[in-house]
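Structure record follows, encoded as structure tokens.
Because the structure is a prediction, the values reported are computed rather than measured.
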Amino acid sequence: MIILGVILLAIGLLAGIPVLWTIGIILGVVGLGLVVAGALGHEVAGRRHYW
């Protein structure tokens, strides 16, 4: 999810499409939140790691 967010950020920046930029930021933040939750030992969707 983080990688997809970064890809969308790059495409949005290069192509000048603000919607892709916004979606990329949202996906990046959600992905980082899931990584942090998994690293702290919290289960995400019933799993230790979300991947």
Side-chain angles (χ1 to χ4, degrees):
M1 188 174 292
I2 297 170
I3 294 171
L4 180 61
V6 171
I7 291 170
L8 288 176
L9 279 170
I11 292 172
L13 179 65
L14 295 175
I17 304 173
V19 173
L20 290 181
W21 179 258
T22 304
I23 294 171
I25 291 173
I26 292 170
L27 285 178
V29 169
V30 169
L32 286 175
L34 290 173
V35 168
V36 169
L40 293 175
H42 298 284
E43 292 185 358
V44 177
R47 297 179 178 205
R48 230 1 122 184
H49 302 284
Y50 78 95
W51 60 88

**OP:** May I ask whether L9 and L34 are part of the same hydrophobic cluster, defined by side-chain heavy atoms of I, L, V, M, F, W, Y residues being less than 4.5 angstrom apart, directly or through others?
**Re:** no
Original post:
With L40, which residues qualify under side-chain contact (heavy atoms from CB on, under 4.5 Å), at least two apart?
Top reply: V36, H42
Original post:
With sequence neighbours excluded, what pairs up with L20 under the side-chain contact (heavy atoms from CB on, under 4.5 Å) test?
Top reply: L8, I11, I17
Original post:
Linking I/L/V/M/F/W/Y whenever any side-chain heavy atoms sit under 4.5 Å apart, do L4 and I23 land together?
Top reply: yes
Original post:
Mind checking whether I25 and L13 sit in one hydrophobic cluster, side chains of I, L, V, M, F, W, Y counted as touching below 4.5 Å?
Top reply: yes
Original post:
Between V6 and L14, is there a shared hydrophobic cluster once you connect ILVMFWY residues whose side-chain heavy atoms come closer than 4.5 Å?
Top reply: no
Subject >> ILVMFWY cluster, L27 and I7 together (side-chain gap under 4.5 Å) >> reply: yes
